[in-house]
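As structure tokens, the structure follows; a few thoughts come after it.
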Protein chains: 2
Amino acid sequence: MPENRGFRRGEGTRDKIVEAAMELFAEHGYKGTSVRKIAAKVGIRESALYNHFDNKEAIFMAIASRALSTPFDEKKDPESLSEYARKGKPFLHRFMTEFKLMTFDKKHERLFRFLVIELMQNEVLRRGFEKEFHEANIKTLSTGLFIMMQEGLIRSSDPIVTANAFLGQMFYVRLMVSLLKADGKPTTPYSTAFEKQLDFFWSSVSV
Amino acid sequence: MPENRGFRRGEGTRDKIVEAAMELFAEHGYKGTSVRKIAAKVGIRESALYNHFDNKEAIFMAIASRALSTPFDEKKDPESLSEYARKGKPFLHRFMTEFKLMTFDKKHERLFRFLVIELMQNEVLRRGFEKEFHEANIKTLSTGLFIMMQEGLIRSSDPIVTANAFLGQMFYVRLMVSLLKADGKPTTPYSTAFEKQLDFFWSSVSV
DNA sequence: GTCTATACGGGGATAGAC
DNA sequence: GTCTATCCCCGTATAGAC
């Protein structure tokens, strides 16, 4: 609805709204955040906010799509994926690194908190999480692991179960780090946790 | 505040309130649930509700303590614990079974949903989760795993990392099942997931 | 695109009768 | 211990001037 085409002055309000809402939603949840407070944080009145979004839910959706589109979204083409998988551990290392980066990145961390809060309350978000996070990651991982099994790099086992084992560990570490951060506590005990879980996993499966 | 001692008639209202609130909190979260709706679900007026609880937050606390006291709370004494650990896999099997039972039990499932929603929004709950869920489970598991390593049942490795690996898998499966349930979808794909992850884990670590 | 003003329903909570 | 009645604030959202 804002009619700024080109580079009109003063634009970016819409982005500011999303940014402010993201912070507030991540702290107090959707229902705990009022349109008033979002507007106040941006520095405008509520009514002005409605020039940019139809209603509060539209703001939610703008953030939800971000929270879901971020992880591992680079659409790795299957070719390079399987090529990478043939190397074994580096494939998992790269996966772990992406996870770790997201965990310690401020923006992604906010999105993660938002996601955890709303996951049980919003069906759209839940579906997105199941498909775009869980299924996508399990698919990537199990594909890679299957190749490693064929190459004789790791011992044979159900690739899906193996993928779940790895993803579960990564996710759990991420959750614990986010909880510490939410408390404002130091995350130093977890600074090498991702690496440790990866090493453990690799020594568990490699032949 | 209710002055029902003994078996006065009509008591149990307090429990009914907790029950009703639990259902609503698990669905809409704390902020998304009004005192009015809780009262309506119980079949009384809001004002009557205040005879049993000082305020809305007191109801929250009553539920929070339940959500935290339930898991693995039977205070297994260290003796029988280590004795059990010497058996190897049955120790982990029992742990997994408790997890599975809680996951598919309706009451525990509600508490879990409530916990996930409020975890990022309430510090008391977060602290409780860290101590009474995470730390307690890691301690139980790492102790058991350490014994198994000494007994030569499983390969040597950092017991904490090993415990995290196992707990992470269990937790992740539980989360995914809860998401499916929240969507009203069948959880059949996960009916044997816990067992599969356990078997995978065991074959990963056993010598 | 932002403002002031306003509508109006819903929220938590209390007073006082029964 | 429950009811009716009421208080007052806060929530989302809109109308219309600038």
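What you see is a predicted model; the values in this text were computed from it and never measured. Any value given below was found using the heavy atoms of this structure, including those in side chains, with hydrogens, waters and symmetry copies removed. Lettering follows sequence order; numbering is per chain, from 1.
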To the nearest Å, how far apart are [X] [atom1] and [N] [atom2]?
{"X": "A/Arg45", "N": "D/dC10", "atom1": "CZ", "atom2": "P", "value": "16 Å"}
{"X": "A/Leu49", "N": "D/dA13", "atom1": "CG", "atom2": "P", "value": "10 Å"}
{"X": "B/Ile44", "N": "D/dC3", "atom1": "CD1", "atom2": "P", "value": "7 Å"}
{"X": "A/Lys37", "N": "D/dC9", "atom1": "NZ", "atom2": "C1'", "value": "12 Å"}
{"X": "A/Glu57", "N": "D/dT12", "atom1": "CD", "atom2": "P", "value": "13 Å"}
{"X": "A/Lys56", "N": "D/dG11", "atom1": "NZ", "atom2": "P", "value": "9 Å"}
{"X": "B/Ile38", "N": "C/dG12", "atom1": "CD1", "atom2": "C1'", "value": "11 Å"}
{"X": "A/Lys31", "N": "C/dG10", "atom1": "NZ", "atom2": "P", "value": "15 Å"}

Out of D/dT12, C/dG12, C/dC3, whichever nucleotide has its closest atom nearest the side chain of B/Tyr50: C/dG12
So, is B/Ser34 near the phosphate of C/dG11, with a side-chain N or O under 4.0 Å from OP1 or OP2? yes
With respect to the phosphate group of D/dC10, does any side-chain polar atom (N or O) of A/Arg36 fall under 4.0 Å of OP1 or OP2?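 Result: no.
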CG on A/Leu111 to NE2 on A/His108, rounded to 0.5 Å: 6.5 Å
Can you tell which of B/Lys41, B/Lys16, B/Lys37 makes a salt bridge (Lys or Arg N to Asp or Glu O under 4.0 Å) with B/Glu23? B/Lys41
Indicate, yes or no, whether a donor-acceptor pair under 3.5 Å links the base of D/dC3 to the side chain of B/Ser47. yes
Between B/Arg126 and B/Glu130, is the closest basic N to carboxylate O distance under 4.0 Å?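 Salt bridge: no.
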Does a side-chain N-to-carboxylate-O contact under 4.0 Å join B/Lys139 and B/Glu135? no
